[in-house]
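What you see below is based on every heavy atom in this structure, not just the backbone, and it leaves out hydrogens, waters and symmetry mates.
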Amino acid sequence: MLTIPLDKLPSVIRTVCGIALFLVAVPPVLAAQTLTTEEARIRLLPGDLPAAGYFTLHNTGDTDVILMGAQSPAFSNVEMHRSVDRDGVASMQPVEQIELAAGEQIAFAPQGYHLMLMQRARPLAIGEEVEITLLFEDARRLTVTFQTVSPASL
């Protein structure tokens, strides 16, 4: 394989390569600005019981997005779930992905979609802030600061 040091390439080629790299790296960052959240909170239960993450996700962009999951350094396992009531029997079902159309929003709320936050990395207290990163199909990431709250406050 032939290797040419960057400083030996003509400046036009270096400029074109730099622009190409910029165009490849920047779209996910710019696109993430079309995704916003509000009311991000974690219902914190005592001990090491799983917590639940609630928020509203807005897609202010002009293309649909697909939320594939989430991760957080505060929890070893984060899953998307949906509460379902069938014939008077409530259950939680894992959700692999959620499509959010352009210009729409979706609420992660009690009795609906929520994040299940399991296996805390460290003890958490009411009032703490916890970062959770939302992961999208197109490699976008949106890091959101969640406030821990008492189960009674929801």
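The side-chain heavy atoms of Met80 and Gln93, taken from C-beta on, include no pair separated by under 4.5 Å. Contact of the Thr145 side chain with the Val130 side chain is not registered, since no non-hydrogen atoms from C-beta on lie closer than 4.5 Å. Taking the side chain as every heavy atom from C-beta outward, Pro151 and Leu44 never approach each other to under 4.5 Å. You'll find the side chain of Ile98 reaches within 4.5 Å of the side chain of Ile106, heavy atoms only. Side chains of Met116 and Met92 form a contact here, defined as non-hydrogen atoms less than 4.5 Å apart.
Annotation: side-chain hydrogen bond (donor to acceptor under 3.5 Å, both in side chains) contacts involving residues 120-136, sequence neighbours excluded, comprise Arg122-Glu128, Thr133-Thr143. Pairs engaging residues 68-106 under the ring pair (Phe, Tyr, Trp, His ring centres under 6.0 Å) rule: His81-His114 [sequence neighbours left out]. Legend: salt bridge (Lys or Arg N to Asp or Glu O under 4.0 Å) pairs involving residues 88-106, not counting sequence neighbours: none detected.
When all heavy atoms of Ser150 and Ile126 are compared, the pair lying nearest together is N-CD1, 3.5 Å. Here the closest non-hydrogen pair linking Pro73 and Ala121 is O-CB, 3.4 Å. Closest non-hydrogen pair, Ser153 versus Val149, comes out as OG-CB, 3.3 Å.
With rounding to the nearest 0.5 Å, the separation of CD in Gln97 from CG in Leu67 is 9.5 Å. The distance from the CG atom of Asn77 to the CD atom of Gln119 is 5.5 Å, given to the nearest 0.5 Å.
For Ala70, the side-chain contact (heavy atoms from CB on, under 4.5 Å) partners at least two apart in sequence or on another chain are Val78, Leu115, Ile132, Leu134. Every ring-ring contact (aromatic ring centres under 6.0 Å, His included) that Tyr113 has, sequence neighbours left out, goes to Phe108.
More than 12 non-hydrogen atoms from other residues, nucleotides or ligands lie less than 6.0 angstrom from CG of Asp85.
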Can you list the steps and then say if Phe136 with Ile66 is a side-chain contact (heavy atoms from CB on, under 4.5 Å)? CA-CA 6 Å; Phe136 295 88; Ile66 298 176; over 6 Å; no
Chi angles and distances behind the side-chain contact (heavy atoms from CB on, under 4.5 Å) call for Arg82, Gln111: CA-CA 8 Å; Arg82 183 177 186 186; Gln111 311 307 316; over 6 Å; no
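Linking Ile, Leu, Val, Met, Phe, Trp and Tyr residues whenever their side-chain heavy atoms come within less than 4.5 Å places Val95 and Leu117 in a single cluster.
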Distance-only check: which donor-acceptor pairs under 3.5 Å involve side-chain atoms of residues 48-60, not counting sequence neighbours?
| residue | atom | partner | partner atom | Å |
| --- | --- | --- | --- | --- |
| Tyr54 | OH | Arg43 | NH1 | 3.3 |
| His58 | ND1 | Gln105 | OE1 | 2.8 |
| His58 | NE2 | Glu38 | OE2 | 3.4 |
| Asn59 | OD1 | Gly61 | N | 3.0 |
| Asn59 | ND2 | Thr63 | O | 2.9 |
| Asn59 | ND2 | Leu100 | O | 3.2 |
| Asn59 | ND2 | Ala101 | O | 3.3 |
| Thr60 | OG1 | Thr34 | O | 2.8 |

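Looking only at distances, a side-chain donor or acceptor of Arg41 sits under 3.5 Å from a matching main-chain atom of Glu39.
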